[in-house]
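Data block below; observations after.
A quick note: this is a predicted structure, and the numbers were derived from the prediction, not measured.
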Amino acid sequence: MKVVITDHEYEDLRYEESELKHQDIELVKMQCKTEDEVIESCHDADGIINLYAPISRRVIESLTKCKVITRYGVGVDTIDLEAATEKGILIGNVPDYGVDEVSDHALALIMSLLRKITTSNQQVKNGAWDVNHSKPIRRLNTLTIGLVGFGNIPRRLAEKIQVLGINVIVSDPFLSEEIAEERNVTLVSLEELCKISDLISVHAPLNDTTRGMIGKEQFGLMKKGVYLVNTARGPVIEEDALLEALENGVVAGGGLDVIDSEPIAPNHPFLTMENIILTPHMAGYSEESAAEMRTKTALGITDVLVHKQYPKYLVNKNVKEKVKLKPFVMDGRYAF
């Protein structure tokens with residue numbers, strides 16, 4: 001069986017190689033960037049591991065043997081899920097590998113914005129030893145933070161931030177009032193969240209429904225001086241609308257681990273804005289989370305090809321109508 005890694009950003013592939021070391025598996029390592037390169041490398045693959053290379057409908061329709069595609073990380077926006085499901089290809093991800101890392105990173109951005117850490121540091125280094133340059137700063141327990149989405153990561157973030165006395169509200173169409181009450185958060189509409197929040201932290205996955213969900217209309221509802229953090233996906237926020245909101249002072253500052261097009265262009269306006277903190281899509285990273293994520297990505301392949309069972313983290317669950325495998329059975333391979 002042929003398993004292709006379409007692309008990766010690691011010095012070596014020891015975790016993947018360890019899990020895919022099987023007499024019936026040939027592992028092929030590529031660095032594809034275009035659809036044509038993916039088609040050339042993967043047309044006869046039985047399994048595919050993907051990072052950023054496009055797995056479009058055109059790519060999927062070219063696959064002659066593929067049974068499973070797994071993606072490094074949580075998001076699966078590089079893969080046409082509808083086309084894969086139609087073709088009976090199982091899609092897997094790793095939704096639980098970096099919950100602490102991303103929530104810690106979001107919290108770090110939040111604290112840096114609210115306490116003006118980054119801007120104050122730069123001002124001092126530029127010779128200005130004056131607290132007035134950092135005003136206004138609000139007491140944390142007077143603030144309300146709005147979480148857009150309430151999956152594993154924002155739930156962990158809520159736990160951490162509630163310790164600081166910050167009020168947490170949540171907008172998530174899939175969240176029940178019962179779960180919100182259990183988590184000590186207030187469930188509101190996105191419109192209400194935009195109106196009430198002093199800081200908004202975005203945690204929605206990128207799909208057709210969420211693309212551009214924070215746009216001109218939403219910024220128009222926000223109170224002047226709001227802060228914005230995004231550790232999810234850049235296109236969830238309309239970038240032009242965000243730039244306008246920054247220019248007119250509606251958004252006082254932002255902490256962005258993701259942007260609309262990555263890597264950032266050398267002439268991007270964000271690079272000259274002192275009130276924008278940028279990190280290079282690194283929120284999920286730690287040495288431990290990287291090992292876990294890469295191992296579990298490979299395990300999704302062996303679940304299907306070797307163990308003939310559904311992968312633990314099956315994304316397109318309706319594919320079960322087309323593909324009949326054994327139910328997933330937990331074993332020591334997933335112990336982290």
Looking at Arg183 and Glu159, is any side-chain nitrogen of the basic one under 4.0 Å from a carboxylate oxygen of the acidic one? yes

Out of curiosity, does Val202 fall in the hydrophobic cluster containing Leu175 (side-chain heavy atoms, cut-off under 4.5 Å, transitive links)? no

Would you please say whether a donor-acceptor pair under 3.5 Å links the side chains of Glu292 and Ser289? no

Identify whether the distance between the nearest side-chain nitrogen and carboxylate oxygen of Asp198 and Lys223 falls below 4.0 Å. yes

Of all heavy-atom pairs between Asn316 and Ile91, which one has the smallest distance, and what is that distance? OD1-N, 2.9 Å

Check for a donor-acceptor pair, side chain of Thr85 on one end and backbone N or O of Leu81 on the other, with a separation under 3.5 Å. yes

Remaining members of hydrophobic cluster (4.5 Å side-chain criterion), Val102: Val99, Ile153

Using the test side-chain contact (heavy atoms from CB on, under 4.5 Å), find all partners of Lys87 that sit at least two apart in sequence or belong to another chain. Ile60, Leu63, Ile89

Taking atom types as modelled, find out whether Asp257 and Thr231 have a side-chain donor-acceptor pair closer than 3.5 angstrom. no

Say whether Arg333 and Thr302, considering side chains only, have a donor N or O and an acceptor N or O under 3.5 Å apart. yes

Nearest heavy-atom approach of Ser134 to Gln123 is OG-OE1, 3.7 Å

Do Arg58 and Glu35 meet the salt-bridge criterion of a basic N to acidic O distance under 4.0 Å? yes

Before accepting this row, confirm whether a basic side-chain N of the pair Glu61/Arg57 lies closer than 4.0 Å to the acidic partner's carboxylate O. yes

Does a side chain donor of either His105 or Thr279 reach within less than 3.5 Å of an acceptor in the other side chain? yes

